[in-house]
*Asks:* 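Okay, here's the structure, questions in a sec.
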Amino acid sequence: MKVLLAGGAGYIGSHTAVELLQAGHQVVVIDDYSNSCPESLKRVKKITGKDIKIYEADIKRKDAIRRVFGENQIDCIIHFAGLKAVGESIKEPIRYYRNNIDTTLTLLECMRGFGVKNIVFSSSATVYGEKCTMPCLETFGRGNCTNPYGWTKYMIEQILEDTAKAHPDISVVLLRYFNPVGAHASGLIGEDPQGIPNNLMPYVTQVAVGKREKLTVFGGDYATPDGTCRRDFIHVMDLANAHLKAIEYAANHKGVEIFNVGTGKPYSVLEIIKTFEAANGVKVNYEIGPRRDGDLPEVWADAGKAARLLGWQAHFNLADMCRDAWCWQSKNPQGYGKH
Ligand code: NAD
Ligand code: WQD
């Protein structure tokens, strides 16, 4: 298949590009590098020995995107393009709604205009909201999101569902990611946050490499086994493989299907630190600090539906995630360099 990766130069898109190219698919990427850089795709080419057609463009701009669809016979879109920092979305809601929703509408208009039938969307466990009981099941309703970023995912899921209802010839797969971490085993590509990392694993690796002094564990007094929050961490290569399964599923089905992409097993923040230290033989300096606003004590997936319908399951364990995250960070202390 010829697969369009919208936002494909980013963390999850670049790993998915490797997985798709190695499975024999052709890859076209559109990215404006607002949160990435061209180097990630150069390294994808190095890992796979295959070429990628790359367009630098803002996906909100329909003229530029029409050109991409006109020049390429796209079989399936994977829509990664979006802003994703939770705290930033609270401070800049308009930018988040504008970017995340407009990119989706442009892609859908082009999809309809050029007869593309299949789209896979990067959704998030955040759409289950703060009242969700664990483990999260796809049949639970979405809502009660705690921030504008989460609401953009909620709204985009609704937009995609309405579109599929109006156009029964299309196929929509909503992948609800839990907590993606780790990197390709080569250490050539990985997560490269700009500025101070918002997420746990890049913070841990930056402390371990000496770029930051100390990790603050946000809260040690939760009603969890060790008092710290628990999350469903998923290796980014397992997540990339879920996209491979999802495009195959989309090509053979119509309508909307939602899948959790997690391991189904939660680990605590302290377990991450301990496993990271043991897997890599390095020390992670940390202290327990106050809770972070908006954090839920525990979040994990029921991953049964993806196993049943996609034939997908996670293969990497927590030590693999920690080892590969460290391999990337230690080989690339400054990430890809200047963005
Ligand atoms: P990322 O920021 O590394 O990748 C997103 C890519 O989209 C970047 O390369 C960015 O430059 C590009 N982009 C953003 N707006 C664009 C625009 N208007 N035009 C063109 N390109 C644009 O993020 P990621 O971690 O790879 O996440 C990919 C998707 O998965 C996002 O939609 C994110 O919300 C979602 N998601 C991520 C996580 C996570 O923890 N990483 C969890 C759940 C869902
Ligand atoms: C994990 C745990 C923190 C940093 C976010 C988004 C979610 C999804 C994935 C996109 C929490 C703790 C963190 C630190 C810490 N993204 N922590 N010290 O909050 O589960 O999910 O990313 O869709 O929508 O909300 O991930 O990595 O930020 O935090 O103690 O410096 O690590 O409190 O318990 P989160 P995270």
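When a ligand or atom number is given, it counts from 1 through the structure's own listing order. Along the sequence shown, residues carry numbers from 1.
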*Asks:* Return yes or no for this condition: an N or O of F218 is under 3.5 Å from an N or O of ligand 2.
*Replies:*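 By distance alone, the answer is yes.
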*Asks:* For atom 22 (O) of ligand 2, what is the closest protein heavy atom, and at what distance to 0.1 Å?
*Replies:*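 The protein heavy atom lying closest is N199 ND2, 3.1 Å.
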*Asks:* Does Y149 approach ligand 2 within less than 4.0 angstrom via side chain, backbone, both or neither, non-hydrogen atoms only?
*Replies:* side chain
*Asks:* Yes or no: does E191 have any heavy atom under 4.0 Å from an atom of ligand 1?
*Replies:* no
*Asks:* To which of N198, V207, L215 does the heavy atom nearest atom 31 (O) of ligand 2 belong?
*Replies:* L215
*Asks:* Does R142 make a cation-pi contact with Y154, if we ask for NZ or CZ under 6.0 Å from the ring centre and within 45° of the axis?
*Replies:* yes
*Asks:* Nearest non-hydrogen contact with atom 21 (N) of ligand 1 belongs to which option: D32, T126, T152, L41?
*Replies:*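 It is D32 whose heavy atom sits nearest to atom 21 (N) of ligand 1.
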*Asks:* Among N144, L296, N260, V299, find the one that has a side chain to side chain contact (heavy atoms under 4.5 Å, CB included) with Y128.
*Replies:* N260
*Asks:* Considering non-hydrogen atoms of the protein only, which is the closest contact for atom 11 (O) of ligand 1, and what is the distance?
*Replies:*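 Result: D31 OD1, 2.7 Å.
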*Asks:* Heavy atom of A6 under 4.0 Å from ligand 1?
*Replies:* no
*Asks:* Using a 4.0 Å heavy-atom threshold (strictly under), name the region of A57 that reaches ligand 1: side chain, backbone, both or neither.
*Replies:* backbone
*Asks:* Apply ring pair (Phe, Tyr, Trp, His ring centres under 6.0 Å) to the pair F259 and Y249, showing each step before the final yes or no.
*Replies:* CA-CA 11 Å; F259 296 102; Y249 184 91; 5.5 Å; yes
*Asks:* What do we get for D58 next to ligand 1 when only non-hydrogen atoms under 4.0 Å count, side chain, backbone, both or neither?
*Replies:* both
*Asks:* Give me the residue, atom name and distance of the protein heavy atom closest to atom 18 (N) of ligand 2.
*Replies:* T216 O, 2.8 Å
*Asks:* What part of A125, side chain from CB on, backbone N/CA/C/O, both or neither, has a heavy atom under 4.0 Å from ligand 1?
*Replies:*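 The answer is neither.
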*Asks:* Judged by non-hydrogen atoms, does R292 sit under 4.0 Å from ligand 2?
*Replies:* yes
*Asks:* Under a 4.0 Å heavy-atom limit, does N99 contact ligand 1 with its side chain, its backbone, both, or neither?
*Replies:*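 The answer is the side chain of N99.
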*Asks:* With respect to atom 3 (O) of ligand 1, which of Y11, Y55, Y33 exhibits the smallest heavy-atom separation?
*Replies:*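 Ranked by closest heavy atom to atom 3 (O) of ligand 1, first place is Y11.
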*Asks:* Any chance the rings of Y336 and W328 have centres within less than 6.0 Å?
*Replies:* yes
*Asks:* Which residue owns the protein heavy atom closest to atom 34 (O) of ligand 1, what's the atom, and how far is it?
*Replies:*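 For atom 34 (O) of ligand 1, the nearest protein heavy atom comes out as Y149 OH, 2.6 Å.
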*Asks:* Are H15 and F80 close enough that their ring centers fall under 6.0 Å?
*Replies:*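 When the ring centroids of H15 and F80 are compared, they turn out to be at least 6.0 Å apart.
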*Asks:* Specify side chain, backbone, both or neither for V299, according to which of its non-hydrogen atoms lie closer than 4.0 Å to ligand 2.
*Replies:* neither
*Asks:* Any idea which of Y177, F80, F178 brings a heavy atom closest to atom 30 (O) of ligand 1?
*Replies:* Y177
*Asks:* Please report, to 0.1 Å, the donor-acceptor pairs under 3.5 Å made by any side chain of residues 274-281, with sequence neighbours excluded.
*Replies:*
| residue | atom | partner | partner atom | Å |
| --- | --- | --- | --- | --- |
| T275 | OG1 | E271 | O | 2.6 |
| E277 | OE2 | K283 | NZ | 3.3 |
| E277 | OE2 | V284 | N | 2.8 |
| N280 | ND2 | F276 | O | 3.2 |
| N280 | ND2 | C322 | O | 3.2 |

*Asks:* Under 4.0 Å, heavy atoms only, figure out whether ligand 1 is touched by the backbone of H79, its side chain, both or neither.
*Replies:* neither
*Asks:* Between the side chains of R231 and E298, is the shortest nitrogen-to-carboxylate-oxygen separation below 4.0 Å, so that they form an ion pair?
*Replies:* no
